[in-house]
Amino acid sequence: MPPANPFYNSLPAFHARLLTARRILALCGAGLSASSGLPTFRGAGGYWRNHEATALATPEAFAADPGLVWLFYAYRRHMALGARPNAGHRALAELARKGRGRGKGQGEVDFLCLSQNVDGLHQRAGHDAERLRLLHGSLFDLKCHRCDWVERGNFDDPLCDSLRAASEDVGLERLLDPKEELAGIPREELPHCPKCKIGLQRPGVVWFGESLDAEMLREVDRWIDEDEVDVVLVIGTSAVVQPAAGYVYEAQGPGTSIVTVNLDAENVEALAELGPRDFAFAGDAAELLPKLLEPVIGRMKEDGTFGAEE
Ligand code: BV8
């Protein structure tokens, strides 16, 4: 792990803090899936590089050119299906599983993972659904853009014939390059709602300008308000998008440790408030998380599972 920041060498200090933690919240972003080969949004080669975020991820963009937006999301479905959860996803899933009862006398670790990622990798790592909130939905949920029809867990790739290009050669560069004239896909060739028959199916993600699921946000607020949160892990996110990023501060109490895990930890929003109880670890989340969480989840074994604590 590159000792790239003044807080790096406090791994033992962080482990000591972790062992006193009863309630842990994580906020995850695209950086967690980077090691699984999925592009982030703002980094080099990122999704938004040639397009403003709103150019492809808003209801208006879908209304204007549903075919282009669908090509983008069908391509991301295809890439996510070809990716595998990494050790960072698995370490968080283990924390959700093992953390529930750390052994006699140590009591429960109450862990909740908030993820901005829509790639399905947490779920494929076996993360307990009770301990996971997908703030921005999932590439693998479909819904009608007109009525209340929803289909959960659709992994068809290609989704339909007219989107076959997204599963073959279209490539991110062409999709995101506004200079590229991609052949429009006629509306009638796009998947339609099986319920109302009129509306188009759309990806089950939260677009910019759309509200997050109100019931889910109430649940998250209730969890945070239950008792002080000891540790907030801010993993692989630029902490720019709201209201997701706001949870870091909402969960922060007088005794809370904010722990930033990021390739360039120095530049993360959350660091701006870094205080004496906080930590920042610069490096790949897939490599850092198993080491950071080891006191609770045990050492990661060759086969990628997590052993009993020494
Ligand atoms: C809302 C799903 C109420 C889709 C996403 C104008 C009108 C309306 C709203 C707004 C507005 N202006 C501002 C807003 C609020 C807006 C917002 O936050 N905008 C931003 C751009 C400022 N928010 C909304 O619109 C939200 N809704 O506010 O509703 C409302 C309703 C109506 C009107 C007004 C208000 C909805 C936001 C949800 C958008 N949907 N995703 C899709 O995926 O296509 S957001 C999408 O982008 C992701 O889900 C994620 O949240 C975000 C990307 O952020 P990150 O995950 O952090 O990724 P990023 O690339 O930025 O950073 C990666 C980090 O990882 C970096 O720090 C990098 O250093 C690090 N890293 C890289 N590799 C590694 C690593 N770290 C560790 N290891 C590595 N290997």
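Just follow the structure's listing: the first ligand is 1, and inside any ligand the first atom is 1. Here the structure is a predicted model, which means the values were calculated and not measured. When a residue number appears, it is its place in the shown sequence, counting from 1.
Residue contacts with ligand 1 leave out Phe72, since none of its heavy atoms falls under 4.0 Å from the ligand. Remark: distances from the non-hydrogen atoms of Cys28 to ligand 1 are all 4.0 Å or more.
Counting the atoms of ligand 1 from 1 in the order shown, those under 4.0 Å from a heavy atom of Ala34 are 73 (N), 80 (N). Close approach of ligand 1 to Thr237 (heavy-atom distance below 4.0 Å) involves ligand atoms 55 (P), 57 (O), 64 (C), 65 (O), 67 (O). Within ligand 1, the atoms closer than 4.0 Å to a non-hydrogen atom of Asp264 are 69 (O), numbered from 1 in the order shown. With ligand atoms numbered from 1 in the order given, ligand 1 contributes 48 (C), 49 (O), 50 (C), 51 (O) to contacts under 4.0 Å with heavy atoms of Gln116. The Ser211 neighbourhood of ligand 1 comprises atoms 29 (O), 31 (C), with distances under 4.0 Å to a heavy atom of that residue.
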(message) Please evaluate residues Asp230 and Thr256 with respect to the criterion side chain to side chain contact (heavy atoms under 4.5 Å, CB included), reporting the C-alpha separation (whole Å), side-chain torsions for both, the decisive distance (0.1 Å), and the verdict.
(response) CA-CA 5 Å; Asp230 300 296; Thr256 305; over 6 Å; no
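An N or O contact shorter than 3.5 Å is missing between Gly29 and ligand 1 by distance. At least one N or O atom of Tyr73, backbone or side chain, sits closer than 3.5 Å to an N or O atom of ligand 1. Considering backbone and side-chain atoms together, Ala285 places an N or O closer than 3.5 Å to an N or O of ligand 1. Checking only distances, Ala30 does come within under 3.5 Å of ligand 1, N or O to N or O.
Under 4.0 Å from ligand 1, heavy atoms of Ser238 appear from its side chain as well as its backbone. Using a 4.0 Å cut-off between heavy atoms, Glu210 contacts ligand 1 through its backbone alone, with no side-chain atom that close.
For the pair Arg202 and Trp70, the cation-pi test (distance below 6.0 Å, angle within 45°) is failed.
Salt-bridge formation is detected for the pair Asp141/Arg152: a Lys NZ or Arg NE/NH1/NH2 atom is positioned less than 4.0 Å from an Asp or Glu carboxylate oxygen. In summary, Lys143 and Asp148 do not engage in a salt bridge, as defined by a charged side-chain N under 4.0 Å from a carboxylate O.
When Leu27, Val206, Leu38 are ranked by how near their heavy atoms come to atom 39 (C) of ligand 1, first place goes to Val206. Compare Leu289, Asn262, Leu32, Asp284 by their heavy atoms: the one nearest to atom 80 (N) of ligand 1 is in Asp284.
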